[in-house]
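Residue numbers count from 1 along this sequence. Heavy atoms only: backbone and side chains are in, while hydrogens, waters and symmetry mates are out.
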Amino acid sequence: MADRNFYVAFAPLQGYTDCVYRRAHHDSAGGMDEYYTPFVRLEGGTMRRKDARDINPDRNAGVPTVPQIIAKNRDEFAQLCDEVESEGWRRIDLNMGCPFPMQVKAGRGCGLLPRKEQVAEIAAEMQQRPEVAFSIKMRLGQDNAEESLQLLPIINAMPLLHVTMHPRIGRQQYKGLPDLTRFEQFMTECRQPIVYNGDLASVESVVEIMQRWPTLKGVMLGRGLLAQPWLFSDRQPIAVLKDMHRQIYDYACNVLQGDSQILARLHAFWEYQDILIGKKQHKAIMKSGSLRKYNEAVAGLFR
């Protein structure tokens, strides 16, 4: 889709789209306007070291990266913004859509959506940071779709580049169908640019969404791009996979220690690739218990 005229972003996926994967995709496939990091959170009163490494500017140089943070209130939001800004970033996304129960129970992600007072205080903190270009990623609600509509007066007043909306509620997680009727209602009443996210697994599905709602700013894809990282590339699928695999393999073997760590990283790369490479070869790769077995399993793929 080299001739597209709308925004396309790679969604953050915990355990998959770290800085190594993002760079491999950018170098080998490209086609993204922005790559969002898995959410950055506080641990023991400060940013997790794992997250700090992932958003390190040197590790992301040349890749259009957006650090995403997750917070339950203004204090957490402000501290995370301070730490992310101290690394030189002036672009931040707020996660208001994570449906994982641990985060929801703590009032983060989707758990923030029913808490209008906390959202309003975070919005006020955004106003105090004109140097940052903010966006938010959210769902229709945690328990019901009314929650997002009730937040619209606050969201409409936020200083945002856009709102990315996944049209499910948090309780659904990724089950059931997106509620496109409620999405359209939200989009009609929202004065911010809207990015659509959810169940986009092909160029055809992206075109359908953009044709249905031509005023959308664009789309964000997650699992669809993990399964088909070449989706917005002019290159052949196997060529994209070969180049991405080489980068990720070199990183895993040179930086990680022991077969178990190396294989965990490599298996994540292949997890969604069963359709392209076939179930038999996919099973052999995913069940490889040593680096030797892994190398045997992938040996015939890139000849």
Would you please name every residue forming a side chain to side chain contact (heavy atoms under 4.5 Å, CB included) with [X], sequence neighbours left out?
| X | result |
| --- | --- |
| Leu241 | Pro229, Trp230, Phe269, Trp270, Gln273, Leu276, Phe302 |
| Leu161 | Arg91, Ala133, Lys217 |
| Gln128 | Arg74 |

| request: Using the side chain to side chain donor-acceptor pair (under 3.5 Å) rule, take Tyr272 and Gln228 through it: C-alpha gap first, then chi angles, then the decisive distance, then the call. | output: CA-CA 8 Å; Tyr272 286 83; Gln228 302 176 85; over 6 Å; no

| request: Please list, chain by chain and in numerical order, all residues satisfying salt bridge (charged side-chain N to carboxylate O under 4.0 Å, His left out) with Glu43, sequence neighbours excluded. | output: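 With neighbours one apart ignored, the set is Arg41.
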
| Just wondering, are more than 12 heavy atoms of other shown residues or ligands nearer than 6.0 Å to CD in Glu131? |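 Count over threshold, so yes.
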
| Would you find more than 12 non-hydrogen atoms of other residues, nucleotides or ligands less than 6.0 Å from Arg49 atom CZ? |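 No, because the 6.0 Å sphere around CZ of Arg49 holds 12 heavy atoms or fewer from other groups.
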
Any donor-acceptor pair under 3.5 Å from [X] side chain to [Y] backbone:
| X | Y | value |
| --- | --- | --- |
| Gln127 | Ala157 | yes |
| Gln172 | Ile169 | yes |
| Glu76 | Lys72 | yes |
| Gln79 | Gly45 | yes |
| Tyr35 | His26 | yes |
| Arg4 | Phe6 | yes |
| Asp33 | Val8 | yes |

Could you name each residue pair satisfying salt bridge (charged side-chain N to carboxylate O under 4.0 Å, His left out) that touches [range], not counting sequence neighbours?
| range | result |
| --- | --- |
| residues 51-63 | Arg22-Asp54, Arg48-Asp51 |
| residues 255-275 | Asp18-Arg265, Asp274-Lys279 |
| residues 190-205 | Arg168-Asp199, Asp199-Arg223 |

Is the closest side-chain heavy-atom distance between [X] and [Y] below 4.5 Å?
| X | Y | value |
| --- | --- | --- |
| Cys190 | Leu152 | yes |
| Glu146 | Leu149 | yes |
| Phe39 | Leu94 | no |
| Leu221 | Phe10 | no |
| Tyr251 | Arg23 | no |
| Arg129 | Glu85 | yes |
| Thr215 | Pro193 | no |
| Val163 | Met158 | no |

Measuring from [X]:[atom1] to [Y]:[atom2], what's the distance to the nearest 0.5 Å?
| X | Y | atom1 | atom2 | value |
| --- | --- | --- | --- | --- |
| Asp82 | Glu87 | CG | CD | 12.5 Å |
| Met165 | Gln192 | CE | CD | 12.0 Å |
| His162 | Lys137 | NE2 | NZ | 10.5 Å |
| Gln14 | Thr37 | CD | OG1 | 8.5 Å |
| Arg108 | Asn73 | CZ | CG | 8.0 Å |
| Met286 | His282 | CE | NE2 | 5.0 Å |

[X], [Y]: one ILVMFWY side-chain cluster at the under-4.5 Å cut-off?
| X | Y | value |
| --- | --- | --- |
| Val20 | Tyr16 | yes |
| Val203 | Met210 | yes |
| Val132 | Ile154 | yes |
| Phe232 | Tyr36 | no |
| Tyr7 | Met32 | no |

| Working for salt bridge (charged side-chain N to carboxylate O under 4.0 Å, His left out), residues Arg139 and Glu147 | CA-CA 9 Å; Arg139 289 187 174 220; Glu147 292 167 2; over 6 Å; no

| query | According to the interplanar angle, ranging from 0 to 90°, do the rings of Tyr21 and His25 count as parallel (below 30°), tilted (30 to 60°) or perpendicular (above 60°)? | reply |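 Tyr21 vs His25 ring planes: parallel.
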
Please name the pair of heavy atoms, one in [X] and one in [Y], separated by the smallest distance, quoted to 0.1 Å.
| X | Y | value |
| --- | --- | --- |
| Gly289 | Leu263 | C-CD1, 3.5 Å |
| Met220 | Pro12 | SD-CD, 4.3 Å |
| Ser288 | Ile285 | OG-O, 2.6 Å |
| Ile122 | Leu112 | CD1-CD2, 3.8 Å |
| Pro114 | Cys110 | CD-O, 3.4 Å |
| Ala9 | Leu225 | O-CD1, 4.5 Å |

Can I get a per-line list of side-chain donor-acceptor pairs under 3.5 Å for residues 63-71, giving both atom names and the distance, sequence neighbours left out?
unit_1, atom_1, unit_2, atom_2, d
Thr65, OG1, Asn60, OD1, 3.4
Thr65, OG1, Val63, O, 3.0
Gln68, OE1, Asn95, ND2, 2.9
Gln68, NE2, Asp93, OD2, 2.9

| Going by the ring pair (Phe, Tyr, Trp, His ring centres under 6.0 Å) test, which pairs reach into residues 100-146, not counting sequence neighbours? |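 For residues 100-146, and leaving out neighbouring residues, the ring pair (Phe, Tyr, Trp, His ring centres under 6.0 Å) pairs sorted by first residue read Phe77-Phe134.
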
| message | Going by ring pair (Phe, Tyr, Trp, His ring centres under 6.0 Å), name the pairs with one or both residues in residues 186-205, residues two or more places apart or in two chains. | response |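 Sorted pair list: Phe183-Tyr196.
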
| said: side chain to side chain contact (heavy atoms under 4.5 Å, CB included) for Arg235 and Ser28? Distances and angles first, verdict last. | reply: CA-CA 9 Å; Arg235 304 184 67 206; Ser28 306; 4.2 Å; yes

| task | Quick one: list whatever passes side chain to side chain donor-acceptor pair (under 3.5 Å) with Asp27, sequence neighbours left out. | result |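 With neighbours one apart ignored, the set is Gln247.
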
| request: Could you pull out all residues at least two apart from Glu208 that satisfy side chain to side chain donor-acceptor pair (under 3.5 Å)? | output: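 With neighbours one apart ignored, the set is empty.
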
| Would you say the side chains of Asn295 and Tyr249 form a donor-acceptor pair under 3.5 Å? |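 Asn295 vs Tyr249: donor-acceptor pair found between side chains.
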
